[in-house]
**Student:** 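Input: one structure, supplied below.
Within every chain, numbering begins at 1; the chains are lettered A, B, ... in the order of the sequence lines, protein sequences first and strands thereafter.
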Protein chains: 2
Amino acid sequence: MAEEYVQSLARGLAVIRAFDAATPELTLSDVARKTELTRAAARRFLLTLVDLGYVRTDGRLFSLSPRVLELGYAYLSSLSLPEVALPHLERLVAEVHESASVSVLDDADVVYVARVPTTRIMRVTIAIGTRFPAHCTSMGRVLLAGLPPDELDAFLEGHPLERLTPRTVTSPVALRGELDRVRAQGWAMVDQELEEGLRSIAAPIRNRAGRAVAAVNLSSHASRTTLESARRDLLPPLLATAARIEADLHATSSREAMP
Amino acid sequence: MAEEYVQSLARGLAVIRAFDAATPELTLSDVARKTELTRAAARRFLLTLVDLGYVRTDGRLFSLSPRVLELGYAYLSSLSLPEVALPHLERLVAEVHESASVSVLDDADVVYVARVPTTRIMRVTIAIGTRFPAHCTSMGRVLLAGLPPDELDAFLEGHPLERLTPRTVTSPVALRGELDRVRAQGWAMVDQELEEGLRSIAAPIRNRAGRAVAAVNLSSHASRTTLESARRDLLPPLLATAARIEADLHATSSREAMP
DNA sequence: TCCAGATGTTCGCAATACGAACGAGAGTTC
DNA sequence: GAACTCTCGTTCGTATTGCGAACATCTGGA
């Protein structure tokens, strides 16, 4: 913990995060238990959030209000990438009829910042803000491949590679080999390492300095796309889309915060 | 301001909101100015947010980190509607080839909580969390039409109706007339009241008690859709989709926080 | 080089946020 | 019905957390 640390802000944010899919509505005491605060403290934070419009209550149960999206939206609106990328994703999807997404790297995860879905092929829904482990996703692979060597070393040392399916690459040596290949070919394909049946192919989006700062991908299901057809049919339009997004981002880069 | 109010939480959240499209990166002093805090206070909040991973800094400029999406994501993941609705939107878009969205009412705005875009037809990009004034949007119309009379009275008294285009309905009497029509026909069409050229058609999504708690819409451009063809070609699949979303929500309503 | 203005930082202390104790409600037992 | 126990939500005296006045540093202009 830093010296200059406002404990009340940290506690208040933990109260926001206490609401999730499993517990969308909570009593004051539930929140206190979940955040390990006293009931009096939880009450103060909840009442403050209600006053600010971020939380609603019927007098007993508390739940988040749509206004809390404003906080995440601040990030998206501060970043030109989603807005620039979305029309290109729309065009790509109209061409190949598979879901397309853009993500950035944050710690050990990729975080989705733009998406045009077609038909659902995963067990879980992907939305803006969804996070997956970088090591077993196609977009994560191109982003990791673009890290400077010291940052990649730090990543591998700091993050054990979790196994999600029998195919997940979990050894740092094997992953380095995969990333070498990604660097050589300029794109990544991941086959059922995140979820059984899920195939995806990704390309990097680079800034002016040539650093991969985001990734764009297409995802499909193993039942309708062979590895060969993905490379033949999906890769060319994907690479073209990445290039177009880059060109647009460079054209606007005098006013952007680029990841 | 309520008695039980944690000023530090409110201030910290204002710091998050200080970052936007116009100012994605800010110095400590910029943040202080923008939030009307002292530099010392702004510094403490920024350092706290950096420590929590929500803000990044190069030592001079601060910017939001993707992790801040987690705060908005808490709302989306706490609400079953987006997850239930998205597959239905995907199917609807595959059928009619126009962008489809779901939103909820929050104060005087509709807030987008799910979306499948096709081709962009508006000047601004719509993302999850985007807010538009309810009175001049098709989804806002069906949601306002579903308010109890006392709540609709309060809305009209508390919110002057802003004019966005020459066609925007800005008189409370005229809007009441529109809402009467919406109630009678069960859907709403809005023609270039939000933005020139934008046509959209919306249907309500109701909870078990019959209250319109969300809305689903299709949007198109005046250059490619007549009012007549929108009603003939888009309305039937839209209404069918609303019914399907409702059915699915009712099936899961034992575990949901429904708006 | 000097000065003024702007920026970032420190540390004594005031006021903000704290939680122990209280009040209220519900359920159980005698 | 009374008494007791447990859980929940709330209050208010005060401790400690967050405060900002003052200091330190940097930058640009004369």
**Student:** Provide, to the nearest angstrom, the distance between the CZ atom belonging to A:Phe45 and the P atom belonging to C:dA17.
**Tutor:**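 It works out to 8 Å between those atoms.
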**Student:** Whether the side chain of A:Arg44 and the base of C:dG19 hold a donor-acceptor pair under 3.5 Å is what I'd like checked.
**Tutor:**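 Check passes, donor-acceptor contact within cut-off.
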**Student:** Could you grab the distance from atom OH of B:Tyr54 to atom OH of A:Tyr75, nearest 0.5 Å is fine?
**Tutor:**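 So the OH of B:Tyr54 and the OH of A:Tyr75 are separated by 14.0 Å.
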**Student:** Between A:Asp30 and A:Arg39, does any side-chain N to carboxylate O distance fall below 4.0 Å?
**Tutor:**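 Salt bridge: no.
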**Student:** Expressed in angstrom and rounded to an integer, what is the separation of B:Arg60 atom CZ from C:dA6 atom P?
**Tutor:**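 Interatomic distance, CZ of B:Arg60 to P of C:dA6: 15 Å.
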**Student:** Send over the distance from B:Leu26 CG to C:dA6 C1', rounded to a whole Å.
**Tutor:**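 These atoms are roughly 16 Å apart.
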**Student:** For residues 27-40 of chain A, which residues have at least one heavy atom under 4.0 Å from DNA chain C?
**Tutor:**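 By residue number: A:Thr38, A:Ala40.
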**Student:** Counting distance only, does the side-chain N/O of A:Glu246 pair as donor-acceptor with the main-chain N or O of A:Arg206 below 3.5 Å?
**Tutor:**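 Side chain of A:Glu246 to backbone of A:Arg206, a donor-acceptor pair under 3.5 Å: yes, one is there.
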**Student:** Ignoring backbone atoms, establish whether B:Ser8 has a side-chain N or O less than 4.0 Å from OP1 or OP2 of C:dA17.
**Tutor:**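 For B:Ser8, the contact criterion (side-chain N or O under 4.0 Å from OP1 or OP2 of C:dA17) is met.
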**Student:** Expressed in angstrom and rounded to an integer, what is the separation of A:Tyr5 atom OH from D:dG18 atom P?
**Tutor:**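 Going from OH in A:Tyr5 over to P in D:dG18 covers 10 Å.
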**Student:** Rounded to whole Å, please give me the gap between CZ in B:Arg11 and P in D:dT17.
**Tutor:**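 The distance from CZ of B:Arg11 to P of D:dT17 comes to 18 Å, rounded to the nearest Å.
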**Student:** Distance from A:Leu105 atom CG to A:Leu147 atom CG, nearest 0.5 Å?
**Tutor:**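 If I round to the nearest 0.5 Å, the distance is 6.0 Å.
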**Student:** Rounded off to whole Å, could you give me the CZ-to-C1' distance for the A:Arg43 and D:dT11 pair?
**Tutor:**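 In whole Å, D:dT11 C1' and A:Arg43 CZ are 8 Å from each other.
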**Student:** Tell me the interatomic distance from B:Gln7, atom CD, to D:dT17, atom C1', rounded to whole angstroms.
**Tutor:**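 Rounded to the whole Å, the gap is 13 Å.
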**Student:** What is the separation between atom CG on A:Leu46 and atom C1' on D:dT10, rounded to the nearest whole Å?
**Tutor:**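 One finds 14 Å between C1' of D:dT10 and CG of A:Leu46, rounded.
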**Student:** For residues A:Arg141 and A:Cys136, report the shortest heavy-atom separation together with the two atoms involved.
**Tutor:**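 Taking every non-hydrogen atom into account, NH2-CA, 4.4 Å.
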**Student:** So, do A:Leu143 and A:Val110 sit near enough that their side-chain heavy atoms are less than 4.5 Å apart?
**Tutor:**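 A side-chain contact exists here, since the closest heavy-atom pair is under 4.5 Å.
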